[in-house]
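Here's the structure, in structure tokens; my notes come after.
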There are 2 protein chains.
Amino acid sequence: MTVHAGPGDPHRPRAPRWDAPEPSRAGRGARSGPKPGLSVDAIVSAAIAVADAEGMAAFSMRAVGERLGRTAMALYTYVPGKDELLALMHDRALAELPPPAPRSDDWRAAATDWAEQLYACYLRHPWVLRLPPARPALGPAELAALESLLSALAPAALAPARLRGAVAALRQYVRGAAAATADASGDQLDGFAPDFAEHFPLLTALRRDPGGAPGNEDGEAFRAGLAVLLDGIAAS
Amino acid sequence: MTVHAGPGDPHRPRAPRWDAPEPSRAGRGARSGPKPGLSVDAIVSAAIAVADAEGMAAFSMRAVGERLGRTAMALYTYVPGKDELLALMHDRALAELPPPAPRSDDWRAAATDWAEQLYACYLRHPWVLRLPPARPALGPAELAALESLLSALAPAALAPARLRGAVAALRQYVRGAAAATADASGDQLDGFAPDFAEHFPLLTALRRDPGGAPGNEDGEAFRAGLAVLLDGIAAS
DNA sequence: CCGGATATCCTTACGCCATAAAGAGTTGCC
DNA sequence: GGCAACTCTTTATGGCGTAAGGATATCCGG
């Protein structure tokens, strides 16, 4: 990545090593000052711990600092601001995804696996689905996930345009479904006006139908939608 | 809906008419006080105007009040808090969607239309995709949109489980794709490490391929994914 | 061993935010 | 007229991100 808000940037004179471990410590002969007590990695870990445990609403620079026994301002030595920290968190979360599985001819199983891994990752870190849009480019882990999906779909030998469509559909579907599941609002449509059934007859009918499994409803819905999608890919 | 934080609620003694026009003014014989200079509707409209124009980052109770020539606190007479206002904004935005089209046997065209309407609506109001998860239930406009989709899909005569999957896939795909388009980050993956092509060969290959239309790339990607999805529904 | 440079980390402060509390002014019913 | 109900304002509280500046620790060249 190397976003490099280096010391040349007059706007951000702090933050000597933003974003990368700065190969060695040999930038200039000048290195001095007290040993760093923190690191970008440690801050990102603490930040993810806060977001996972307390939710995004309770996430703040102060909260992250506190978890590390520092003040909020101490973080600014390592990270230029909250937005950049969020971007690092995002990519770190996606880095939990497994590397591309060894090539298999069963693209359907491979794609299913990919989708379920990503879905589970989003549910482990639901705050990812709520990050602000500022980041200018995809992070390395997100790129790796895309590459992984392409590798899973390779045996299907789709035409390029079709492949683009399939990737977009899978990626966005998983994200949307995870967002729906995470916002437990889900499809809670009871307790409404008394004329609910009148206004929404088809919804009511679908609702009354002997649904799928009783528990784990969200997971079931996710898999059902995924199956439809994969059928579409298969139909190419 | 009738969420009714009525005067009986000790926690919210204000906000006499939250969420519905309160059929007439006949709640109790007691009505008095100055004529309301605002209304929930006017506030929601102003709030949407602010969010559309300035983006969610600049959205605040103060900003909405200012647009109406009032202070932030004046809004609290009509709306119990920011979260509830956001929920109303969400539903109002989705209320722009057209009512169910007259029944047509071409479910594919009908579903495509539904998806494009929703996609366009999200792009008109991208802040909708970024709302906090608090709301406990779907709003009436969102329910109407679902009913509309069911009506579009009716001629396909899907089995209930399959129908559920198709609805979930379409809904979440449109939402995810809109979010990706709105965060103009899109798929910006250039300007990276020099070994980009090495690390991500499949991505690089797909990228090099003579893509679809030159302009309107997002819309193209959206339609391609949608086509895959609809093929999946057709394969039932 | 000693300055000076450089780095980490802290305190303080500013201008935002949502919203609680209390009061001023307006209106309609008795 | 009096009073209750209502709208809207002012003020205040406790949070936020982060700019600014200072204390302190560490290293380097002398």
Side-chain angles (χ1 to χ4, degrees), chain A residues 5-7 9-18 22 25-40 42-43 47 50-51 54-66 68-86 132 134, chain B residues 5-18 22 25-40 42-43 47 50-51 54-86 132 134:
Chain A
D9 186 341
H11 232 64
R12 294 215 178 273
R14 321 280 223 92
R17 56 184 172 302
W18 148 252
E22 191 104 350
R25 176 68 64 244
R28 217 167 45 266
R31 175 70 175 88
S32 52
K35 271 187 260 185
L38 295 177
S39 68
V40 175
I43 290 173
V50 169
E54 322 281 347
M56 211 44 160
F59 180 88
S60 71
M61 298 298 270
R62 284 169 162 85
V64 175
E66 205 157 324
L68 293 164
R70 303 287 143 84
T71 65
M73 288 312 290
L75 308 180
Y76 285 84
T77 303
Y78 299 86
V79 147
K82 192 193 192 188
D83 288 350
E84 289 83 354
L85 177 53
L86 289 174
Chain B
D9 188 338
H11 232 65
R12 293 216 178 272
R14 323 280 222 91
R17 56 182 171 301
W18 147 251
E22 192 101 352
R25 179 63 67 240
R28 221 166 43 269
R31 176 68 174 91
S32 53
K35 271 188 259 185
L38 294 178
S39 68
V40 175
I43 289 173
V50 169
E54 321 282 347
M56 209 46 160
F59 179 89
S60 70
M61 297 300 269
R62 277 160 156 83
V64 176
E66 206 156 322
R67 179 169 282 251
L68 293 162
R70 303 289 142 85
T71 66
M73 288 311 292
L75 308 181
Y76 286 84
T77 303
Y78 300 86
V79 146
K82 193 193 192 188
D83 288 350
E84 289 83 353
L85 176 54
L86 290 173

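Residue numbers start from 1 in every chain, and the chains themselves are labelled A, B, ... in the order their sequence lines are given, proteins ahead of strands.
Taking side-chain N and O atoms only, S32(A) has no distance below 4.0 Å to OP1 or OP2 of dA7(C). When the side-chain nitrogen and oxygen atoms of Y76(B) are compared with OP1 and OP2 of dT7(D), none of them lie within a distance under 4.0 Å. Using a 4.0 Å cut-off, some side-chain N or O of T71(A) falls inside it from OP1 or OP2 of dC10(C). Taking side-chain N and O atoms only, T77(B) has no distance below 4.0 Å to OP1 or OP2 of dT7(D).
Looking at R62(A), its side chain has no donor and acceptor atom pair within 3.5 Å of the base of dG15(D).
Looking at the side chain of S60(A), the nearest of the listed nucleotides dC16(D), dC9(C), dA18(C) is dC16(D). Among the nucleotides dT7(D), dC9(C), dT9(D), the one closest to any side-chain atom of Y78(A) is dC9(C). Distances were taken from every side-chain heavy atom of A74(A) (C-beta onward) to each of dC17(C), dC9(C), dC8(D); the shortest belongs to dC9(C). Distances were taken from every side-chain heavy atom of K82(A) (C-beta onward) to each of dC8(D), dT7(D), dG17(D); the shortest belongs to dG17(D).
Closest approach of Y78(B) and P36(B) over heavy atoms only: OH-CB, 3.4 Å. Scanning all heavy atoms of the two residues, the minimum distance from A42(B) to L68(B) falls at O-CD2, 4.2 Å. What you find for A63(B) and A58(B) is that their closest heavy atoms are CB-O, 3.9 Å. In plain terms, the two heavy atoms of G81(A) and Y76(A) that are nearest each other are CA-CE2, 3.9 Å.
When the P atom of dT8(C) is taken as reference, atom CG of L68(A) falls 15 Å away, rounded to whole Å. Regarding M56(A), its CE atom lies at a distance of 14 Å from the P atom of dC16(D), rounded to whole Å. Between the CZ atom of R70(B) and the C1' atom of dG25(C) there is a distance of 14 Å, rounded to whole Å. What separates CG of L75(A) from P of dA7(C) is a distance of 19 Å, to the nearest Å. Across the protein-nucleic acid pair, L85(B) atom CG and dC17(C) atom P stand 15 Å apart, rounded to whole Å. One interatomic measurement links the two molecules: CE of M61(A) to C1' of dC10(C), which rounds to 15 Å at whole-angstrom precision. Atom CD of E66(B) is separated from atom P of dA18(C) by 12 Å (rounded to the nearest Å). Rounded to whole angstrom, the span from the CZ atom of F59(B) across to the C1' atom of dC17(C) amounts to 12 Å.
Nearest-nucleotide positions on DNA chain C for P34(B) and K35(A) put K35(A) closer to the 5' end. Across the interface with DNA chain D, nearest-nucleotide mapping of G33(B) and A58(A) shows G33(B) to be the residue nearer the 5′ end.
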Is there a side-chain contact (heavy atoms from CB on, under 4.5 Å) between L86(A) and M56(A) once you walk through the steps?
CA-CA 11 Å; L86(A) 289 174; M56(A) 211 44 160; 3.3 Å; yes
Could you go step by step and tell me if E66(A) and V50(A) meet the side-chain contact (heavy atoms from CB on, under 4.5 Å) rule?
CA-CA 10 Å; E66(A) 205 157 324; V50(A) 169; over 6 Å; no
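With values rounded to the nearest 0.5 angstrom, I43(B) atom CD1 is found 5.0 Å from L38(B) atom CG. Here the OG1 atom belonging to T71(A) is positioned 10.0 Å from the CE atom belonging to M61(A), to the nearest 0.5 angstrom.
Relative to the axis of its first five pairs, the axis of the last five pairs of the helix from dC1(C)-dG30(D) to dC30(C)-dG1(D) sits at 20°, rounded to 10 degrees.
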